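One structure below.
Every value quoted in this text rests on a predicted model; they were computed, and no experiment measured them.
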Amino acid sequence: MSGWTAVFLISTLATVITGFLFPFGGFTPAIGVGIITLATLVAALVALYRFHLAGRWRIVFLLCSTASLYLNVFVFVVQAFLKVPALNALAPTGSEPPFAAVQGVVLLAFLVAGYLAVNRFHPATA
């Protein structure tokens with residue numbers, strides 16, 4: 001699975017970095033999410049490639065990679081409600097109950113996935 005992990009980390013890192021290449025007109029929530037995502041990715045990369053998931057670094061890697069994926073999906077949902085006409089009709093401002101419900105379900109799914117990952121993933125020892 002190390003190949004798939006590298007693909008995930010590289011593609012997520014590329015997604016975040018390219019998000020900073022858009023014209024900058026001041027600090028926005030999107031920039032804030034990008035900075036947080038970048039920080040979680042750096043921590044996941046350090047845990048995996050510098051500390052090789054030893055000890056508590058396993059949990060750091062799992063939580064940071066899950067959080068970075070969640071933040072990317074969070075942005076995906078925001079973009080979907082902005083760009084897909086049927087979804088935009090349900091929540092044009094992003095503060096309506098359908099938008100909150102979808103984001104709540106996504107958050108709950110990632111909390112469960114993170115919990116299961118921490119409790120079930122134990123890398124092979126050398």
Side-chain angles (χ1 to χ4, degrees):
M1 297 299 280
S2 62
W4 284 112
T5 302
V7 167
F8 161 72
L9 292 170
I10 290 168
S11 63
T12 304
L13 190 60
T15 300
V16 172
I17 290 171
T18 57
F20 290 117
L21 300 178
F22 290 103
F24 184 72
F27 188 82
T28 65
I31 298 288
V33 170
I35 291 169
I36 293 168
T37 304
L38 188 58
T40 61
L41 280 171
V42 168
L45 287 165
V46 168
L48 181 60
Y49 294 114
R50 169 68 176 93
F51 295 104
H52 307 286
L53 307 180
R56 296 200 184 266
W57 288 101
R58 176 184 66 86
I59 293 173
V60 170
F61 171 75
L62 292 169
L63 294 179
C64 288
S65 58
T66 302
S68 65
L69 181 58
Y70 164 71
L71 290 169
N72 272 343
V73 173
F74 176 87
V75 170
F76 171 76
V77 171
V78 169
Q79 290 297 315
F81 272 89
L82 288 173
K83 309 287 185 196
V84 177
L87 294 176
N88 188 266
L90 293 172
T93 67
S95 61
E96 292 80 8
F99 177 78
V102 170
Q103 289 292 23
V105 169
V106 169
L107 177 60
L108 183 61
F110 274 91
L111 289 173
V112 169
Y115 174 81
L116 292 173
V118 167
N119 286 313
R120 293 183 180 179
F121 175 66
H122 302 283
T125 55

Side-chain donor-acceptor contacts of residues 87-111 below 3.5 Å, not counting sequence neighbours, with atom names and distances?
unit_1	atom_1	unit_2	atom_2	d
N88	ND2	F81	O	3.0
T93	OG1	S95	N	3.4
T93	OG1	S95	OG	2.8
T93	OG1	E96	OE1	3.2
T93	OG1	E96	OE2	2.7
E96	OE1	T93	N	3.4
E96	OE1	G94	N	3.1
E96	OE2	T93	N	3.4
Q103	NE2	F74	O	3.3

Interatomic spacing from CZ in F61 to CG in L53 - rounded to 0.5 Å: 6.0 Å
Connected hydrophobic set around V60, excluding itself, where side chains approach under 4.5 Å: V42, V46, F51, W57
Under the side chain to side chain contact (heavy atoms under 4.5 Å, CB included) test, residues paired with I31 that sit two or more places apart: F20, F24, F27, T28, I35
Non-hydrogen side-chain atoms of T37 and T15 separated by less than 4.5 Å: no
Inter-residue atom distance L9.CG - C64.SG, 0.5 Å rounding: 10.5 Å
Which residues share a side chain to side chain contact (heavy atoms under 4.5 Å, CB included) with V118, sequence neighbours left out: I59, L62, L63
Option passing side-chain contact (heavy atoms from CB on, under 4.5 Å) with L38 (candidates L13, V33, L71): L13
Joint cluster assignment, L116 & L69, ILVMFWY side-chain distance < 4.5 Å: no
Side chain to side chain contact (heavy atoms under 4.5 Å, CB included) involving S11 - partner list, sequence neighbours excluded: none
side-chain hydrogen bond (donor to acceptor under 3.5 Å, both in side chains) contacts in which one or both residues fall within residues 64-83, not counting sequence neighbours: none
Spacing of CD1 belonging to I17 relative to CG belonging to L21, to within rounding of 0.5 Å: 8.5 Å
Point-to-point distance, once rounded to the nearest 0.5 Å, from CG of L45 to CD1 of I10: 8.5 Å
Pairing residues for F22 by the side chain to side chain contact (heavy atoms under 4.5 Å, CB included) criterion, not counting sequence neighbours: none
